[in-house]
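For reference, the structure discussed in these notes is given below.
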Amino acid sequence: MITTRFAPSPTGYLHLGHAHAALVAWRRARQAGGRFLLRIEDIDATRCRPDFAAAILEDLAWLGLDWDGEVRVQSAHLPEYRAVLDGLAGRGLLYPCFCTRADIARAATAPHGPEGPVYPGTCRHLSADERAARLAAGLPHALRMDMARACTAPLRFLEEGEGEVPCDPRAFGDVVLARKDAPASYHLCVTHDDALQGVTLVTRGIDLKPATAVHRLLQLLMGWPAPLYAHHGLLTDARGRRLAKRDGAPALRDLRAQGVSPEAVRAAAG
Ligand code: GLU
C-alpha cells in the first residue's frame, strides 16, 4: 500500500504552491487506495507559529483534503530526534560546531554547495581538550555531521520516472543536524519521520531534490527504508517566479475570503 504525506512548515499561510504540493500527495494516495498523512514540520521555533499550524489544517479541510490518522507535529517528538542524534554522536559521526554565521561567512574560500557555502570544517579540527572546554563552558553550538566519516561512497536514490539517481551528500559539506537555536534539523526530522510513519512515496517540490542526497545518507546510516521519490515542479507566477508569500502569492484564506470556491482553487493548483 502506498503512503504519501504533505509536510508543511507553519511559517505562514498556505498559498497555491502549497495547495499544489498537498494535492499531488493526496491524489497519489487516494488514487491508489493508499494513505495520505499530514505532518507539521515545526521544529524551528524561531520561524514557526501554532496559529499557522492551525490554519494549515483549516485550509486543507476547506480545500476538501482529508488525511489519515493523527497529524504528527514534530515539536511534540523532540526526544525521538535527540535519540537519533545521540546514536550518531556515539558512533563518532557528529561534532559540536561553535562557529557563528559571521565566522562561516568570513571563511570566504569556502566552496558553494547546494545549500550555500560549504562549511570549512573549522570545529572539526578542534582538539578534544578545546572541545571539552567549550562544552563545559556552555558555549552555544550546533551539531554537524562529519561527512567524510559518514559517507565514504556516492549514493543513489530512486526517482519516479528517472530510476536510480546518483547523488553525493559530500557536496553539502558537514551538514548541520542540530542547530544552536533548534533541537534538530529539517534533514534529520524529515528522514526520521518518513521512515517512522512508513511513507513509501515522497512527493515534494523539485527545490528539495538536492537535499535527498543527505536524506539517503541518513537512511543508510540509520537502517531506515528508502522511499520512492517524485519531485514535482513548482507553481510560478506570471513572471515565471516561484510562488512565495514574500512576492505576494495570495494565501488560500485570502482567496476564500474573496469568495473563490475550493473547486476553483483545486483547478488552479492543478
Ligand atoms: N517542511 C518542508 C517545507 O515546508 C517540506 C519537507 C518535505 O516535503 O520534505 O519546505
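Indexing begins at 1, ligand by ligand and atom by atom, following the structure's order.
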Within the structure, does Ala7 bring an N/O atom to less than 3.5 angstrom of an N/O atom in ligand 1?
yes

shortest atom 7 (C) of ligand 1-to-protein heavy-atom contact is with Arg5 NH1, 3.3 Å

- prompt: Do His20 and His232 have their ring centres less than 6.0 Å from each other?
  reply: yes

If you scan protein heavy atoms around atom 10 (O) of ligand 1, the nearest is Leu208 CD1, 4.3 Å

TODO: May I ask you to establish whether Arg216 and Phe157 are in a cation-pi arrangement, using a distance under 6.0 Å from NZ or CZ to the six-membered ring centre and at most 45° from the ring axis?
DONE: no

Filtering Ser9, Cys189, Gly205, Cys48 for the heavy atom nearest atom 3 (C) of ligand 1 leaves Ser9

Scanning both residues in full, the closest heavy-atom pair of Thr4 with Ile2 reads CG2-CD1, 3.8 Å

Between Gln74 and Val190, the two heavy atoms sitting closest are NE2-N, 4.1 Å

Check your understanding: With a 4.0 Å cut-off on heavy atoms, is His215 touching ligand 1?
Key -> no

Interatomic distance, CZ@Arg144 vs CZ@Arg124, rounded to 0.5 Å, equals 10.0 Å

Requested in this report: Determine, using heavy atoms of Phe6 and all atoms of ligand 1, whether some pair is separated by less than 4.0 Å.
Outcome: no

